[in-house]
Amino acid sequence: MALQPIRGTRDILPDESRRHRLVTETARNISARYGYAEMSTPIMEVTEVFKRTLGDTTDVVTKEMYTFEDRSGGSVTLRPEGTAGVARALISGGLSQHLPLRYYYDGPMFRRERPQKGRYRQFHQIGIELLGEPGPAADVEVIAVGARILEMLGLKDKIKLEINSLGDTESRSSYRQVLVDYFGDHKGDLSEDSQTRLRKNPLRILDSKDEGDRKIVANAPVFSDSFTAEAKDFFAAVCEGLDDIDVAYTLNPRLVRGFDYYCLTAFEFVTDQLGAQGAVIAGGRYDGLVEVMGGPATPGVGFAGGIERMALLLDEDPVSSRPIAVVPVSAAQMREAIKLAESLRRAGLNIKLDLRGNLKKRLIRASRDNASVAVLIGEDELARGEATVRDLDSGDQQTVALDKLAADLLRFS
RNA sequence: GCGGGUGUAGCUCAACGGCAGAGCGCCAGCUUGUGGUGCUGGAUGUUGGGGGUUCGAUUCCCCUCACUCGCCCCA
């Protein structure tokens, strides 16, 4: 059997690559407008980095990480997400001296899940992190960046924003207890999945798709009942801030986050067009994270977005720039063609030069490559110090002096 | 990890258990200094892999791999 890529990994060929690039460039540019500077952390980290931060009971940590022993004996893990690495970098680099910090990143992440549409074992995320800002304005800013990226990508109509508050640490643990008590009373009626959730992550039951569960959930106590006054005010301020800058959202009291480090604001930009994979960009506040990793207590907010998911939602292929084909009429002009191509490239033009083939084949390839113009040089042209410039869309052609060629070709780019 | 569906040419897909096909694409010619449209001709398959039933398997059965949909989880 022919060699295949590892399950859940894929080759990203040029067409798809362009889509990915459009996503990352848009995200990077929009983030930069808000002051987020690009950084990147290693793809591998010491396993502890993820184990400590994501939560020992989450599926990602218990079943989905690519963890292996390094030759020196230490346990190493391919990153399943980006935030933990940034937090680790903050600590390792002593960056907390310079708070607040705004970072943008993109790159591959790895989770050993069952592949599905928009879900791969090696997938790619963009993300931003705002560290050292405790106030609700920070949450608003981060959400705005996400909203604006999606807008710029033309995805506004396909995606809606849902937000919720998980309460501060204090509210969260009291709510958790209230919830465990409530669901404990209905344990017999819960689905099998939810019974294990009750043990591992009771908040998740709120998000269950099981119909029976939903009935029980409908009457379950909600987060806000357990909020401290501070948590309540904080969430109100976030909502108000979003209203002020016209970021539309809906409240979803059942919105929960997967990783333990989240608190207060949680948000998801969701779509119904990717089957079971609804979340396109998701994030929230994670005030306890840096401290859990052994650093100074540092508030943080951020999000991660799935590049494949955004690329899948893009309506049309991003246009790629059209090359100009340099075409020697016969093999005798090949050396001149190489020299010409080189000088045009140095003038900033996008030149396609086939390394072999006759005139006919070269022109076929030129139109296949979507070239806008073919620059033909044959014996006659060279004798006069000219080239024939053929517009491949209209078929019109004219001769142009070689020393004016670069300037003339600009009208096609 | 659990459940369902699908694997046939480069791509999209046909073929009652009986000679593996079509469209697109590709190659060549019509056209020896001119592509895209047109016409003519041509090449291409271990039917995902392995095993079984059968005189005979692309077709039926089992295993396996991959893809896909849902669950779980998540971006």
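Just so we're on the same page: letters track the sequence lines, and every chain starts at 1.
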Atom-to-atom span, [atom1] of [X] to [atom2] of [N] - whole angstrom:
| X | N | atom1 | atom2 | value |
| --- | --- | --- | --- | --- |
| A:Y105 | B:rA75 | OH | C1' | 10 Å |
| A:E113 | B:rG70 | CD | C1' | 15 Å |
| A:E192 | B:rG1 | CD | C1' | 13 Å |
| A:F267 | B:rA75 | CZ | P | 11 Å |
| A:L203 | B:rC73 | CG | P | 12 Å |
| A:R79 | B:rC74 | CZ | C1' | 17 Å |

Does [X] reach a base, just sugar-phosphate, or nothing at all? Heavy atoms under 4.0 Å.
| X | value |
| --- | --- |
| A:F269 | nothing |
| A:V280 | sugar-phosphate |
| A:D380 | base |
| A:R10 | nothing |
| A:A279 | sugar-phosphate |
| A:G146 | nothing |

Would you mind checking if [Y] and [X] are paired as a salt bridge, meaning a charged N to carboxylate O distance below 4.0 Å?
| X | Y | answer |
| --- | --- | --- |
| A:K158 | A:D315 | yes |
| A:K339 | A:E336 | yes |
| A:E162 | A:K160 | yes |
| A:R362 | A:D354 | no |

Distance, [atom1] atom - from [M] to [N], rounded to whole angstrom:
| N | M | atom1 | answer |
| --- | --- | --- | --- |
| B:rG7 | B:rA15 | C1' | 16 Å |
| B:rG18 | B:rC24 | C1' | 30 Å |
| B:rU54 | B:rC60 | C1' | 10 Å |
| B:rC74 | B:rA57 | P | 49 Å |
| B:rA20 | B:rU8 | C1' | 8 Å |
| B:rC16 | B:rU6 | P | 16 Å |
| B:rG35 | B:rG45 | C1' | 32 Å |
| B:rC11 | B:rC67 | C1' | 16 Å |

*asked:* For A:G278 and A:Q397, find the nucleotide of RNA chain B closest to each by heavy atoms; which residue's nucleotide sits nearer the 5' end?
replied: A:Q397
*asked:* If you assign A:G118 and A:K361 each to the RNA chain B nucleotide with the nearest heavy atom, which residue ends up on the more 5' nucleotide?
replied: A:K361
*asked:* Checking the side chain of A:R390 only, and the main-chain atoms of A:Q397 only, is there a donor and an acceptor separated by less than 3.5 Å?
replied: no
*Checking A:R197 side chain against A:I205 main chain: does a donor-acceptor pair fall under 3.5 Å?*
no
*Check whether any side-chain nitrogen or oxygen of A:Q116 sits under 4.0 Å from OP1 or OP2 of B:rG70, and answer yes or no.*
yes
*Report yes if a side-chain nitrogen or oxygen of A:R204 is closer than 4.0 Å to either non-bridging phosphate oxygen (OP1 or OP2) of B:rC74; otherwise report no.*
yes
*Looking at RNA chain B, which of residues 303-310 of chain A put a heavy atom within less than 4.0 Å of it?*
A:A304, A:G306, A:R309
_Proximity to RNA chain B (any heavy atom under 4.0 Å), residues of residues 32-49 of chain A only_ = none
*asked:* Here's one to test your reading of the geometry: is the NZ or CZ of A:R111 within 45 degrees of the ring axis of A:F123 and under 6.0 Å from its centre?
replied: no
Identity of whatever pairs with [N] - Watson-Crick or G-U, under 3.5 angstrom:
| N | value |
| --- | --- |
| B:rG7 | B:rC65 |
| B:rG70 | B:rC2 |
| B:rG21 | B:rC13 |
| B:rG45 | none |

Apply side chain to side chain donor-acceptor pair (under 3.5 Å) to [X] and list each qualifying residue two or more places apart in sequence or on a separate chain.
| X | answer |
| --- | --- |
| A:K51 | none |
| A:R335 | none |
| A:E129 | A:T83, A:Y105, A:Y286 |
| A:N358 | none |

Out of [options], which has the shortest distance to the side chain of [X]?
| X | options | answer |
| --- | --- | --- |
| A:K117 | B:rA75, B:rC69, B:rG1 | B:rC69 |
| A:D193 | B:rU68, B:rC72, B:rC74 | B:rC72 |
| A:R119 | B:rU34, B:rC72, B:rC67 | B:rC72 |

*A:R148 side chain reached by A:V247 side chain, heavy atoms, under 4.5 Å*: yes
*Residues two or more places apart in sequence or in another chain: which of them pass salt bridge (Lys or Arg N to Asp or Glu O under 4.0 Å) with A:R121?*
none
Any N/O pairs under 3.5 Å between the protein and nucleotides 35-38 of chain B? List them or say none.
{"residue": "B:rG35", "atom": "OP1", "partner": "A:K360", "partner atom": "NZ", "Å": "3.3"}
{"residue": "B:rG35", "atom": "O2'", "partner": "A:S367", "partner atom": "OG", "Å": "2.8"}
{"residue": "B:rG35", "atom": "N7", "partner": "A:R390", "partner atom": "NE", "Å": "3.4"}
{"residue": "B:rG35", "atom": "N7", "partner": "A:R390", "partner atom": "NH2", "Å": "2.9"}
{"residue": "B:rG35", "atom": "O6", "partner": "A:R390", "partner atom": "NE", "Å": "3.3"}
{"residue": "B:rG35", "atom": "O6", "partner": "A:R390", "partner atom": "NH2", "Å": "2.9"}
{"residue": "B:rG35", "atom": "N1", "partner": "A:L392", "partner atom": "O", "Å": "2.3"}
{"residue": "B:rG35", "atom": "N2", "partner": "A:L392", "partner atom": "O", "Å": "2.6"}
{"residue": "B:rG36", "atom": "N1", "partner": "A:L392", "partner atom": "O", "Å": "3.4"}
{"residue": "B:rG36", "atom": "N2", "partner": "A:L392", "partner atom": "O", "Å": "3.0"}
{"residue": "B:rG36", "atom": "N2", "partner": "A:D393", "partner atom": "O", "Å": "2.9"}

*Using the ring-ring contact (aromatic ring centres under 6.0 Å, His included) rule, collect all pairs that involve residues 127-176 of chain A, keeping only residues at least two apart or in two chains.*
A:Y175-A:F223
*Can you tell me which residue pairs pass the salt bridge (charged side-chain N to carboxylate O under 4.0 Å, His left out) test with a partner in residues 285-295 of chain A, sequence neighbours excluded?*
A:D139-A:R285, A:R285-A:D287
*Taking only residues two or more places apart in sequence or in another chain, which ones pass side chain to side chain contact (heavy atoms under 4.5 Å, CB included) with A:T9?*
A:P5, A:I6, A:Q122
*Has the side chain of A:E381 got a donor or acceptor atom sitting under 3.5 Å from an opposite partner on the base of B:rG33?*
yes
*Quick check: are there more than 12 heavy atoms from other residues, nucleotides or ligands sitting under 6.0 Å from CD of A:E151?*
yes
Listed pairs, N/O of protein and of nucleotides 2-6 of chain B, under 3.5 Å:
{"residue": "B:rC2", "atom": "N4", "partner": "A:R114", "partner atom": "NH1", "Å": "2.8"}
{"residue": "B:rG3", "atom": "O6", "partner": "A:R114", "partner atom": "NH2", "Å": "3.0"}

